[in-house]
Amino acid sequence: MHAPSLPDRTLEAYADVAGPDRLERLRSLAEALSDRRILHVNSTATGGGVAELLRSIVPVCNDLGIDTDWLVMDATDDFFAVTKAIHNGLQGDGPPLTEGMKATYRSVTERNAAELEGEYDLVVIHDPQPLGMLDRLAEAMPDAAIVWRCHVDLTDPLEEYRAFVAEYASRVDHAIFSRTAYAGDVGALTTSVVYPSIDPVAEKNRSLDETAEAAERDRLDPLSFDRPLVAQISRFDPWKDQFGTLEAYRRASDTVPDLQLALVGAMAGDDPEGMAVYERVAEEAVDDQNVHVLTDLPDATVNVLQRRSDVVVQKSLREGFGLVVSEALWKRTPVVGSNVGGIPLQIVDGENGYLVDPNDASSAGDRIVSLLENERRRTRFGANGRESVRERFLLPRQLADLLEVLVGTLG
Ligand code: UDP
């Protein structure tokens with residue numbers, strides 16, 4: 001296990017977006033946890049939404065006086081191949097779950113748990129990857145409460161994967177999901193829903209001055225900001241459906257011939273499928289100079305791309321929450337997204353973007369065109385998007401919800 005480096009964050013940095021009442025509420029929840037030690041465990045320090053959340057939540061908790069650590073599992077490719085299969089199986093697709101896969105999962109999770117030093121009052125295990133640490137943790141820290149926070153889309157899991165995870169989830173003290181519909185069937189006895197959030201002061205989301213923005217635009221050359229631009233920012237993962245996004249773009253470019261598409265992806269340390277999906281997407285797009293397939297951009301560059309695209313697309317087939325949707329809406333960019341998982345929590349159809357059937361790339365293309373052809377609508381949707389995220393999906397709200405659950409779990 002290793003501790004990732006963290007940015008500096010203070011609660012005060014959120015005063016503008018949170019308002020005094022919410023800050024006060026956070027301080028009083030923090031007071032209730034002031035003599036407790038809390039540990040978050042996940043399986044990657046970079047790439048993907050969980051790392052994004054923890055990078056902000058953990059330093060703010062410490063600023064609030066809650067002694068909070070974040071540790072990332074150490075594991076090899078064979079473990080991550082198994083845990084990606086578990087992730088895929090929970091989202092409804094995957095190979096048979098073999099005894100060999102289960103053995104790999106158990107041995108790596110137990111080894112990580114055995115390495116853990118120190119005493120905690122509460123451990124938050126994020127996603128299925130570290131869930132197998134449960135028994136060793138319970139032995140080493142019998143008084144610690146264990147919370148499982150699941151960020152996966154559990155709409156339609158494969159039974160053998162659901163049962164495998166449920167066997168662990170039935171033994172945690174509490175489980176947290178990103179949507180009410182996910183909470184029912186994975187074994188946890190007591191559950192809550194906490195919607196994730198974006199961090200408005202992070203490099204990814206803060207406003208940039210002219211010079212900084214121009215520098216990031218240059219970095220994206222030959223992509224042009226003077227021609228229509230659509231972007232999808234996602235790990236290269238079958239569930240993110242970059243091929244569907246390409247299809248939607250092709251349909252839209254029949255009407256808007258100078259349209260450009262940026263498909264941007266990061267390689268998460270715990271996602272072994274990334275490189276193969278990236279190569280297939282890049283190959284598919286190789287003959288089209290208006291399609292830019294880019295990897296591992298700095299946060300400020302992603303920021304500018306989300307901010308300066310005319311439309312952001314999120315054509316996922318499954319989606320636990322989809323932070324990228326709120327990231328774009330916060331920057332006043334309308335989003336065309338699939339009506340799956342956490343996306344409809346964020347997109348209000350016809351208000352800040354459009355929801356489309358995940359299997360209907362043509363409709364996504366048509367919705368992209370209807371936004372590209374109507375600047376006033378884009379501006380109105382953009383303003384609505386900014387306000388919808390301000391109300392529901394910024395860090396102080398998530399943190400208050402999360403701390404309330406942790407206080408309740410500790411009793
Ligand atoms: N992300 C990024 N660069 C990329 C692709 C993704 O920084 O090239 C970030 C993205 O901005 C977001 C997170 O990774 O903060 C993805 O979170 P989301 O909840 O959308 O999806 P997940 O990867 O967790 O399924």
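The analysis underlying the following values was restricted to heavy atoms, covering all of them including side chains, and did not include hydrogens, waters or symmetry mates. Predicted model, so just to flag it, every value in this text is computed and none were measured.
A donor and an acceptor atom, one from each side chain of Trp70 and Asn42, are located under 3.5 Å apart. His40 and Thr68 form no side-chain donor-acceptor contact under 3.5 Å, judged by distance and modelled atom types alone. A donor-acceptor pair shorter than 3.5 Å can be found between the side chains of Gln314 and Ser234. Between Ser326 and Gln346, the side chains place a donor N or O and an acceptor N or O closer than 3.5 Å (distance only, hydrogens not considered). Checking Asn205 against Glu327 by side-chain atom types alone, no donor-acceptor pair falls below 3.5 Å. A donor atom on one side chain and an acceptor atom on the other are found under 3.5 Å apart for Arg227 and Asn290.
Residues Lys240 and Ser338 are not in side-chain contact: their nearest non-hydrogen atoms beyond the backbone lie 4.5 Å or more apart. In this structure, Ile176 and Val147 have side chains that are in contact, with non-hydrogen atoms separated by less than 4.5 Å. Between Arg386 and Leu329 there is no side-chain heavy-atom pair separated by less than 4.5 Å. Two residues are said to be in side-chain contact when any heavy atoms from C-beta on lie closer than 4.5 Å; Met267 and Asp296 meet this criterion. By the 4.5 Å heavy-atom criterion applied to side chains, Asn352 and Glu387 are not counted as neighbours. In this structure the side chain of Glu273 reaches within 4.5 angstrom of the side chain of Asn88, judged on heavy atoms. With contacts defined as side-chain heavy-atom distances shorter than 4.5 Å, the pair Pro228/Leu259 qualifies. Looking at heavy atoms from C-beta onward, Ile233 lies in side-chain contact with Gln306 at the 4.5 angstrom threshold.
Partners of Ser197 according to the side chain to side chain contact (heavy atoms under 4.5 Å, CB included) rule, which considers only residues two or more places apart in sequence or in another chain, are Leu395, Arg397, Gln398. When the side chain to side chain contact (heavy atoms under 4.5 Å, CB included) test is applied to Pro396, the partners found at least two apart in sequence or on another chain are Tyr14, Val17, Ala18, Arg22, Leu26, Leu394.
The shortest non-hydrogen separation linking Val340 to Ser316 is CG2-O, 3.6 Å. Asp35 approaches Ala32 most closely through the heavy-atom pair OD1-O, 4.4 Å. When every heavy atom of Trp148 is checked against every heavy atom of Ile125, the shortest pair comes out as CD1-O, 3.2 Å. Counting all heavy atoms, side chain and backbone alike, Leu305 lies closest to Ala231 at CG-CB, 4.2 Å.
Judged by distance alone, the side chain of Arg318 and the main-chain N or O of Gln91 form a donor-acceptor pair under 3.5 Å. Panel note: side chain Arg111, backbone Asp74; a donor-acceptor pair is recorded below 3.5 Å.
Other residues, nucleotides and ligands place no more than 12 heavy atoms under 6.0 Å from the CG atom of Asp8.
Aromatic rings from Phe177 and Tyr182 are positioned such that their centres are separated by 6.0 Å or more.
Salt-bridge formation is not detected for the pair Arg250/Glu247: no Lys NZ or Arg NE/NH1/NH2 atom is positioned less than 4.0 Å from an Asp or Glu carboxylate oxygen. Look at Asp237 and Lys84 and you find a salt bridge, because one of the NZ, NE, NH1 or NH2 atoms lies within 4.0 Å of a carboxylate O, short of that distance. The pair Asp67-Arg37 meets the salt-bridge criterion, since a charged nitrogen lies less than 4.0 angstrom from a carboxylate oxygen. By the 4.0 Å N-to-carboxylate-O rule, Glu159 lies close enough to Arg162 to be salt-bridged with it.
Cation-pi geometry between Arg390 and Trp330 is not satisfied (NZ or CZ under 6.0 Å from the ring centre, within 45° of the ring normal).
Of the candidates Arg308, Lys331, Arg307, Glu213 forms a salt bridge (charged side-chain N to carboxylate O under 4.0 Å, His left out) with just one, namely Arg308.
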